There are 2 protein chains.
Amino acid sequence: MAHLDAGRIPEATVARLPVYFRALVDLDRARTATVSSEELADMAGVNAAKVRKDLSYLGSYGTRGVGYDVPYLLFEMSRQLGLAESRSVVIAGAGNLGQALANYWGEGERGFPVVALVDVDPAKVGGAVSGIPVRHAQEMAAIVKDHQGCIGVLATPAEVAQEVADQFVASGVRSLLNFAPALITAAPGVTVRHVDLGLELQILSFYAQREPRRVAAS
Amino acid sequence: MAHLDAGRIPEATVARLPVYFRALVDLDRARTATVSSEELADMAGVNAAKVRKDLSYLGSYGTRGVGYDVPYLLFEMSRQLGLAESRSVVIAGAGNLGQALANYWGEGERGFPVVALVDVDPAKVGGAVSGIPVRHAQEMAAIVKDHQGCIGVLATPAEVAQEVADQFVASGVRSLLNFAPALITAAPGVTVRHVDLGLELQILSFYAQREPRRVAAS
DNA sequence: GGTTGTGAACAAATTCACAGCG
DNA sequence: CGCTGTGAATTTGTTCACAACC
């Protein structure tokens with residue numbers, strides 16, 4: 001009953017909240033007023049008990065005998081996921097991956113505008129990727145200062161990933177998403193997530209020669 | 001004592017094996033003969049107890065008082081991860097993401113040759129992305145037949161992802177890596193992994209307004 | 001002495017099952 | 001009566017701590 005403790009939400013739950021969020025956005029678009037834990041579970045690819053447990057960490061936003069009010073739950077999740085105010089993204093590395101990410105996030109995703117790519121290649125600096133300017137890595141601090149609370153994305157070669165990460169952190173970035181196949185360490189207070197595209201193929205390769213399983217990444 | 005039971009390896013362990021593998025490749029390149037669980041742990045960003053537990057699921061390949069023989073462990077991991085024989089990759093969707101993935105895997109990663117991209121856009125079919133041909137989606141079955149045990153990658157719009165996944169499975173693919181922001185279901189016997197690039201930003205957004213944590217994705 | 005391999009202790013996550021409420 | 005919210009039970013994963021061995 002709405003105790004204001006902002007209690008510790010389990011990591012596994014946090015990773016699923018955006019999945020529910022997407023399902024709720026779809027439901028809302030279809031003008032669906034309420035949804036049961038079982039329907040949401042089907043849409044998210046989990047079971048109903050998990051949905052109820054997960055949502056209960058946010059508070060009691062359902063109605064017994066009825067289900068969850070879609071717009072209300074959407075609003076609460078948006079607020080608690082921090083999606084109410086939009087967060088900028090700065091991508092380091094304007095190679096194939098950096099450009100693809102700029103396009104991917106620039107197009108579809110609401111609330112995460114990519115404000116700049118940075119690179120050290122003179123051939124790339126000064127150009128643009130689907131309207132997003134490519135600037136020199138030296139300008140990173142200035143860019144980050146203009147976009148408080150932005151997310152830094154590492155799409156650089158593995159060899160320089162730690163160096164660029166340090167530069168991001170020194171510039172004031174507290175959220176990093178690393179695509180380089182390298183271990184990144186950062187000061188406490190900085191959240192680092194790691195997406196490893198090579199690793200995914202190796203995991204699939206493992207299961208391909210054993211009993212296959214339904215496995216969700218990330 | 002090399003019991004041949006191929007015992008159940010925990011999912012969490014499987015997800016870490018490729019991380020150890022990469023560290024071992026680096027050590028081997030540097031001609032390092034042996035490595036302790038503590039050194040490997042540092043390189044992988046985990047603790048030594050976890051390394052020992054994880055490696056013990058593969059068998060007893062270490063030497064007490066000495067550590068693990070790098071080339072030997074590398075060979076065994078390579079074998080058990082199924083990296084001994086190379087596995088082809090077919091990418092569905094020759095948009096920005098599909099092209100970036102083709103480049104990414106085409107370049108660096110050993111053992112995962114991207115043999116084709118498939119698309120339905122006549123403007124793309126017949127072309128090539130860094131030497132990899134773009135072929136029509138109708139040819140998928142033929143391509144898959146020529147590359148037994150290949151991995152299917154979904155880099156299509158979310159709306160058609162399930163349809164393309166079904167096509168992959170009907171063609172004989174048993175390993176799918178889905179980049180589309182959509183829930184993919186497949187028959188038992190097919191392994192599906194999901195990488196969601198939008199989701200990662202939302203998770204970072206959540207932690208940015210709370211106590212930040214070191215969190216590893218994938 | 002040094003380091004692995006592993007049972008036992010602990011912690012996190014999932015699932016069950018049902019009371020509580022609309 | 002239906003569906004949520006949640007303690008309790010179970011399963012999965014992590015860490016400890018030490019015997020076994022080189």
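Just so we're on the same page: letters track the sequence lines, and every chain starts at 1. Everything numeric in this text was worked out from a predicted model, so none of it was measured.
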Per B:S60 side chain, nearest of listed nucleotides D:dT14, C:dG5, C:dG22: C:dG5

Nucleotide C:dA12, atom C1' - distance to NZ of A:K53 in whole Å: 12 Å

Presence of B:R16 side-chain N/O under 4.0 Å of D:dT14 phosphate oxygens OP1/OP2: yes

Residues A:D69 and A:T34: side-chain donor-acceptor under 3.5 angstrom: no

Out of D:dA20, C:dG22, C:dT6, whichever nucleotide has its closest atom nearest the side chain of B:R64: D:dA20

Short side-chain N/O contact from B:Y68 to OP1 or OP2 of C:dG5, under 4.0 Å: yes

Protein-nucleotide distance (B:K50, atom NZ; D:dC16, atom C1'), rounded to Å: 14 Å

side-chain N/O A:S37 vs D:dT4 OP1/OP2, d < 4.0 Å: yes

A:R8 side-chain N/O to C:dA13 phosphate OP1/OP2 under 4.0 Å: no

Heavy-atom donor-acceptor pair, A:Q202 side chain to B:G82 backbone, under 3.5 Å: no

Distance, rounded to the nearest Å, where B:L73 contributes CG and C:dT4 contributes P: 11 Å

Side-chain touch B:T63/B:Y68, heavy atoms, less than 4.5 angstrom: no

Atom pair distance, as rounded to whole Å: CD1 in A:I9 and P in C:dA12: 15 Å

Any B:L177 side-chain heavy atom under 4.5 Å of B:L154 side chain: no

Minimum-distance nucleotide (side-chain atoms of B:R52 versus D:dG5, D:dT14, D:dA17): D:dA17

Main-chain N/O of B:N47 paired with B:E38 side-chain donor or acceptor, under 3.5 Å: no

Rounded interatomic separation in angstrom, taking CG from B:L58 and P from C:dG5: 10 Å

For atom CD of A:E11 and atom P of C:dA11, their distance in whole Å: 17 Å

Nucleotide C:dT4, atom P - distance to CG of B:D54 in whole Å: 13 Å

Given DNA chain C, 5'-ward residue of the pair A:A12 and B:V35, judged by closest heavy atom: B:V35

Phosphate contact (C:dT15 OP1 or OP2) by A:N47 side-chain N/O below 4.0 Å: yes

Atom-pair distance (CD on B:E38; P on D:dT15), nearest Å: 14 Å

